[in-house]
Amino acid sequence: MDYQKLAELLYKDVSKTPADIEAEFPPRSLPEGAKVTRFAPSPTGFVHFGGLFPTTVAERLAHQSGGVLYLRIEDTDAKREVPGAAEALIRTLATYGINFDEGAIIGENGKITDKGAYGPYKQSLRGDIYHVFAKQLVKEGKAYPCFTTEEELEELNKQNKKEEIKNTDWQAEAEARRKEMLERRNFTIEEVEAHLAAGDPFVLRILADGDPDKKVKFTDLVKGNMEIPENDEDFVLLKSDGIPTYHFAHAVDDHLMGTTHVIRGEEWLPSLAKHLQLFRYLGFKTPKYMHIAQIMKLDENGNKKKLSKRDMGANMDDYTEMGYCPEAVCEYVMTLLNSNYEEWRMQNPDKSYTEFPFNIKKMSVSGCLFDFNKLNDVSKNVISKMSAEDVTEKVSAWATKFDAEFGELLLADKDYAEKIFAIGRGGKKPRKDLATWKDAKPYMGFFYDKYFEIEAPYPESFEKEDIKAILSDFNDAFDASDDMNVWFDKIKAIGEKYGYASDMKAYKASPESFKGNVADVSMFIRLAVTGKINSPDMYSVMQILGKEKVCERIAKMIASL
RNA sequence: GGCCCGUUGGUCAAGCGGCUAAGACACCGCCCUUUCACGGCGGUAACGGGAGUUCGAUUCUCCCACGGGUCACCA
């Protein structure tokens, strides 16, 4: 076979050589140890949690080492492309602290533009580049055209399944496949010429030289040493529309763009042999690989399953809607990514997570289950450290978008809202009531008449008459100008009057000699004023609500009993 | 089914030949308390199974089981 001739036949318009291309993509000059990483999404949908994971690793590794994080759009599948997805992806990532130094970024006009010297960063615009390398491979007898159409392939597979092979017999199917594959390698230049003359479409396949009985040694930075069988599958390099498959584009682009670390989900591990082979064929140095364990969820049978796009919690935009702040999500992601992160956080409560020395060795090799309990806990801590002003602003922003009526109310009197959120905030032991912005309404909605409602009746263990009397006495005694001590002394005194202990120690010593204690008395008042069994500090609540409202609510409660 | 990866409490996880097998979340209890919280202290709970190597295995090797991933002109 005259490969030189074959290459000319197939790619007669390609005049550049690999050397020409290499000259256009000179090696980066970066300090020793600087890592070049990337996020390479296909614009087919939203960012999902599983995608934020490797991306965060890529971002940390690049920026921690003084390297480069770039974004490359892998739009090689026109059929699946979703318009606007790339822009949405970039925006979402930005809210989670992932900012790109280079690559496809959003320009001032709101459209995607290139930034950096290694573009274009959209694979659909790099056709010429791939073709140069494709031609070279053909020339070297490492790739060949295949004129079997998609329909024919499908038909072949169908037949395999129909004839004596049960649809579960993978082995037989694989063998049959392999036989066909080998078949396709047999062709003559004349046949190719004829096909071309007839305008038949073709794909370019690699001529795989691997022996699956032999293993390639490989070291993954996360998974460690492993051995994988050599690849013997003539996989597709260029699709019939001339656009490369992921495999081919990955090899060419990551080499040309100077990626030092390829960070991706472990679902890529099975195709690693292909990539290694490709890099070898192309004469490229292989980058370092990090295959990150997947985030899992529990399926209906209680088994772990990869968190897929349709799952709740998969779409990062869901978190926004649920009211999680990005800082909290990042914080949670970090705890999952590095096992010593939480320890570091305890020692450095006020530092940004970007100051944490991210360590590849501290990464988990197995997939973890998403845990909302943990996220909530992390989130409560994050929010508890924010200022009242900050919280007010963020809750308002969230509400405006997802609970317009509530949002309007908050915005109508910002100072009022801020006063509310200031309760118990600051200091060494701040309250931790909010895990999400969505929690704000149930937490403090009672401050607004619109959302005020009695959530539970008084426990039956207490005498209604006592409650009425206590409420009534309190209403008479309440003076908004009292300081906290005076205010509470009054409550204690009222309690005592009706047989409720004001001294907790005395009460505990002999609970039977009392009807209850101050906590119960406070609860009577709390329920009347806030409608809830749990609420922030009553004194602060009353200060903000004001005498009129407090007394009005208490009177109403008395009347209803 | 082939191949690859994985398996310490309910969850996330330390461990890297010798420990009463950390810690965090969740759950439970107690304490503190001028209410609600915060906080403090404590508790329940784990090395998938079997061989081997070794004086000694959670840790090393092999086998099995289980779980996951993957087998496209999708990434």
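A note on names: the letters A, B, ... follow the listed sequences, proteins ahead of strands, and every chain is numbered from 1.
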Check for me whether A:R553 meets the cation-pi criterion with A:F452, that is, NZ or CZ under 6.0 Å from the six-membered ring centre and within 45 degrees of the ring axis. yes
Any residue in residues 44-56 of chain A with a heavy atom nearer than 4.0 angstrom to RNA chain B? Just list them by number, or reply none. none
Taking the C1' atom of each, how far is B:rG49 from B:rA13, in whole Å? 23 Å
Between the CG atom in A:L237 and the CG atom in A:L207, the distance rounded to the nearest 0.5 Å is 11.0 Å
As a test of reading the structure: which of B:rA75, B:rU35, B:rC74 is closest to the side chain of A:K79, going by heavy atoms? B:rC74
A:E343 near the nucleic acid: base, sugar-phosphate alone, or nothing, with a heavy-atom cut-off under 4.0 Å? nothing
Answer with base, sugar-phosphate or nothing: what part of the nucleic acid does A:W268 contact at a heavy-atom distance below 4.0 Å? base
Strictly under 4.0 angstrom, non-hydrogen atoms only: write out the protein contact profile of nucleotides 38-44 of chain B, one letter per nucleotide from the 5' end, B, S or -. SS-----
How far, in whole Å, is B:rC3 from B:rC60 if one measures between their C1' atoms? 25 Å
Applying ring-ring contact (aromatic ring centres under 6.0 Å, His included), name anything that partners A:F488, two or more places apart in sequence or on another chain. none
Want to settle it: does A:D433 or A:N373 sit nearer the 5' end of RNA chain B, counting the closest nucleotide to each? A:N373
Within the structure, does a side-chain N or O atom of A:S364 lie under 4.0 Å from either OP1 or OP2 of B:rA13? yes
Restricting to pairs with a member in residues 516-545 of chain A, which pass salt bridge (charged side-chain N to carboxylate O under 4.0 Å, His left out), not counting sequence neighbours? A:E455-A:K532
Gap in Å between the two P atoms, one belonging to B:rA72 and one to B:rA45, rounded: 48 Å
Going by side chain to side chain contact (heavy atoms under 4.5 Å, CB included), name the residues that satisfy it together with A:K429, two or more places apart in sequence or in a different chain. none
Can you figure out which of B:rA37, B:rA13, B:rC5 approaches the side chain of A:E266 most closely? B:rC5
Are the ring centres of A:Y332 and A:F370 closer than 6.0 Å? yes
A:E150 near the nucleic acid: base, sugar-phosphate alone, or nothing, with a heavy-atom cut-off under 4.0 Å? base
Taking the ring centre of each residue, are A:Y451 and A:F446 less than 6.0 Å apart? no
Using the purine O4'-C1'-N9-C4 or pyrimidine O4'-C1'-N1-C2 torsion, is B:rC38 syn (within 90° of 0) or anti? syn
Output the single nucleotide from B:rC36, B:rA24, B:rC73 whose closest atom is nearest the side chain of A:M346. B:rA24
Under 6.0 Å between ring centres: does that hold for A:F248 and A:H275? no
Just compare B:rC73, B:rA24, B:rA13 and give me whichever is closest to any side-chain atom of A:K374. B:rA24
Roughly how many Å apart are B:rU59 and B:rG48, using the C1' atom of each and rounding to a whole number? 16 Å
Looking only at side-chain N and O atoms, does A:T76 come under 4.0 Å of OP1 or OP2 in B:rA75? yes
What residues form a ring-ring contact (aromatic ring centres under 6.0 Å, His included) with A:F462, not counting sequence neighbours? A:F524
Quick one: pull up NZ in A:K142 and CG in A:L278 and give me the separation to the nearest 0.5 Å. 10.5 Å
Quick one about A:N225 and A:K217 (side-chain donor to acceptor, distance below 3.5 Å, no hydrogens or angles considered), yes or no? no
For B:rG52 versus B:rA14, give the span between their P atoms, rounded off to a whole number of Å. 31 Å
Nearest to the side chain of A:L369 - B:rA75, B:rC36, B:rC12? B:rC12
Can you label the angle between the A:H250 ring and the A:F279 ring as parallel, tilted or perpendicular, going by 30° and 60°? perpendicular
Side chain of A:M226 only, please: which of B:rG68, B:rC4, B:rA14 is the nearest? B:rC4
Contacts to RNA chain B from residues 530-541 of chain A, heavy-atom cutoff under 4.0 Å, which residues? A:N534, A:S535, A:P536, A:D537, A:M538
Step through it carefully: locate the ring centre of A:Y289, locate the ring centre of A:H291, and say whether they are under 6.0 Å apart. yes
Name the closest nucleotide to the A:K239 side chain, picking from B:rC36, B:rC12, B:rA75. B:rA75
Is A:K362 close enough to B:rC16 that one of its side-chain N or O atoms is under 4.0 Å from OP1 or OP2 there? no
Measuring from the side chain of A:S339 (C-beta onward, heavy atoms only), which nucleotide among B:rC36, B:rC73, B:rA14 has the closest atom? B:rA14
So which of residues 202-211 of chain A are in contact with RNA chain B, with a heavy-atom cut-off of under 4.0 Å? A:V203, A:R205
What pairs of donor and acceptor atoms, side-chain ones from residues 37-52 of chain A against any protein atom, are under 3.5 angstrom apart with sequence neighbours left out?
{"residue": "A:T37", "atom": "OG1", "partner": "A:A58", "partner atom": "O", "Å": "2.8"}
{"residue": "A:R38", "atom": "NH1", "partner": "A:D254", "partner atom": "OD1", "Å": "3.1"}
{"residue": "A:R38", "atom": "NH1", "partner": "A:D254", "partner atom": "OD2", "Å": "2.4"}
{"residue": "A:S42", "atom": "OG", "partner": "A:T44", "partner atom": "OG1", "Å": "3.4"}
{"residue": "A:T44", "atom": "OG1", "partner": "A:S42", "partner atom": "O", "Å": "3.4"}

Parallel, tilted or perpendicular, as decided by the 30° and 60° cut-offs, for the rings of A:Y507 and A:F514: tilted
Can you find an N or O donor on one side and an acceptor on the other, under 3.5 Å apart, linking the side chain of A:S240 with the base of B:rC73? yes
Whole-Å distance between B:rG6 P and A:M363 CE? 14 Å
Could I get the full list of ring-ring contact (aromatic ring centres under 6.0 Å, His included) partners for A:H255, not counting sequence neighbours? A:F284
Students often get this wrong, so: under 4.0 angstrom with heavy atoms, is A:K297 touching a base, only sugar-phosphate, or nothing? nothing
For atom P, what is the distance between B:rC25 and B:rC38, given to the nearest Å? 12 Å
In dot-bracket form, how is RNA chain B paired, counting a Watson-Crick or G-U wobble pair only if both its distances are under 3.5 Å and using | for bases paired to another strand? ((((((((.[[[..)..(....]]].(((((.......)))))....[[[[[..)....]]]]])))))))....
When the C1' atoms of B:rU7 and B:rU11 are compared, how many Å lie between them, rounded to an integer? 15 Å
Tell me if the NZ atom of A:K490 is crowded by more than 12 foreign heavy atoms within 6.0 Å. yes
With respect to the phosphate group of B:rC73, does any side-chain polar atom (N or O) of A:T245 fall under 4.0 Å of OP1 or OP2? no
What is the distance from CZ of A:R80 to C1' of B:rA72, rounded to the nearest Å? 11 Å
Of all the nucleotides listed (B:rC25, B:rC32, B:rA75), which has the minimum atom distance to the side chain of A:D377? B:rC25
Qualifying residues under ring-ring contact (aromatic ring centres under 6.0 Å, His included), relative to A:F147, sequence neighbours excluded: A:H195, A:F202
Does the ring centre of A:W268 sit less than 6.0 Å away from the ring centre of A:Y246? yes
I want to verify a distance call: between B:rC74, B:rG68, B:rC25, whose nearest atom is closest to the A:M296 side chain? B:rG68
I'd like the C1' distance from B:rC66 over to B:rC32, given in whole Å. 47 Å
Judged by each residue's nearest nucleotide on RNA chain B, which is more toward the 5′ side, A:E74 or A:F488? A:F488
